[in-house]
Amino acid sequence: MLMKTVTLEEHFVTQDFFKATHAEGDNMPPALKAVRERLLDIGSLRIAAMDEASIDLQVISLAAIGVDALAAAEQTAVLRSVNDEAAAAVNANPTRLAAFCTPGLKEPANAVKEIDRCITQLGFKGVYVNGTTDGKFLDTPEFFPVLEAAAALKVPVYVHPAPPPASIMSVYFDGLAPEVAMPLSIAGWGWHAETALHTLRLIVSGVLDRLPTLQVIIGHMGEGIPYALARSNGILSAARKSAPRTVTETFLEQVHVTTSGYFTRPPFECCREVIGLNRMMYSVDYPFSPNTKGKEFLEGLNLSEADLTQLTQTNAERLLNL
Ligand code: GRE
Ligand code: ZN
């Protein structure tokens, strides 16, 4: 079998999205400024960067900083245009690109319709969620139909971090200089803690028990959960006296992990030992991390060909129905 390398936490942005979130010019978040050109390119520049690092297929998703600040109707409309642009990019390079659908969660009924459109008409491979919506996590009842739609269409939900709500920003990060407060609240720490919490909330709320076929993907080598799982499982499973499964059992039946943004051996080994390679998928977090860094990391792991094929290809092909 010819080996193929797939990555699935790889981001883009559209001009319309930048316009809607007022991110252009002086307002552009520093995290986006450095990679603006690469985010906006869903064609030749991206594919050249994939070729440089032997990536055959990217499953792209919106870098959605600012999405939660949009009013509900505008969010629905602009994300529809984002999904259309992603579909056009995939159509232009169908062997190199696939896409996740980003629905506007402020209007859950429209989000369900958009998910259905993206999966059944545009051929998208999953649903992409960015952090909290108006301060609410995905276990909030109004989002249940959205998760139910993904489960019914047999596509996974990728839970990606986003900058915290204003109240959290203030309580947790006030008093620090802005040039460190923002990065500490996102990729420097905060959003990994928040996404781990998001995942555990989906488990302890019972939402995953109510949708036992739903599959969730989290990035960043499991957002710290592999390291913490034994302790969280002990405490939380004891607290869930009538739950049908333990926290660990639920995680191992319904959550998958990508390596996005993590390029060192210790967290990889921890994740492999706790979660198992069969639930892990290679990803880069392009363009926030360079594809070449991923290639170097993969090569340094010295995995057997069978393990490497699982990590970079077959697990993703199976889960995303590629
Ligand atoms: C990401 O989406 O992974 C991301 C951002 C902004 C900064 C760093 C980062 O959206 O990893
Ligand atoms: Zn990312």
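Indexing begins at 1, ligand by ligand and atom by atom, following the structure's order.
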_Testing the 3.5 Å rule here: is there a donor-acceptor pair between the side chains of Thr248 and Asn233?_
yes
*Leaving waters out, which protein N, O or S atoms fall under 2.8 Å from the Zn ion (ligand 2)?*
Glu9 OE2, His11 NE2, His160 NE2, Asp285 OD1
*Does the distance from a Lys or Arg side-chain N to an Asp or Glu carboxylate O, for Asp56 and Lys4, drop under 4.0 Å?*
no
*Of all the non-hydrogen atoms in the protein, which one sits nearest to atom 9 (C) of ligand 1, and at what distance?*
Phe288 CG, 3.4 Å
_At less than 4.0 angstrom from any non-hydrogen atom of His11, what atoms of ligand 1 do you find?_
1 (C), 2 (O), 3 (O)
*Under 6.0 Å from the six-membered ring centre of Phe144 and within 45° of its axis: does the NZ or CZ of Arg210 meet both?*
yes
*Considering residues at least two apart in sequence or located in another chain, which fulfil the side chain to side chain donor-acceptor pair (under 3.5 Å) criterion with Glu223?*
His192, His220
*Please identify which atoms of ligand 1 are closer than 4.0 Å to at least one heavy atom of Ala31.*
6 (C), 7 (C)
*Scan Arg38, Lys293, Arg46 and name whichever one has a side-chain hydrogen bond (donor to acceptor under 3.5 Å, both in side chains) with Tyr286.*
Arg38
*Atoms in ligand 1 flagged as close to Glu9, the criterion being non-hydrogen separation under 4.0 Å*: 3 (O)
*Can you find an N or O of His160 that's nearer than 3.5 Å to an N or O of ligand 1?*
yes
_Greater than 12 external heavy atoms within 6.0 Å of Lys19's NZ_ = no
*Based purely on interatomic distance, does Asp285 place a nitrogen or oxygen under 3.5 Å from a nitrogen or oxygen of ligand 1?*
yes
*Tyr286 near ligand 1, heavy-atom distance under 4.0 Å?*
no
_Under 4.0 Å between a side-chain nitrogen and a carboxylate oxygen: does that hold for Asp16 and Arg80?_
no
*Supply the atom-to-atom distance Leu200 CG to Phe251 CZ, rounded to the nearest 0.5 angstrom.*
8.0 Å
*How close do Asn83 and Leu122 get, heavy atom to heavy atom, and via which atoms?*
O-CD1, 4.3 Å
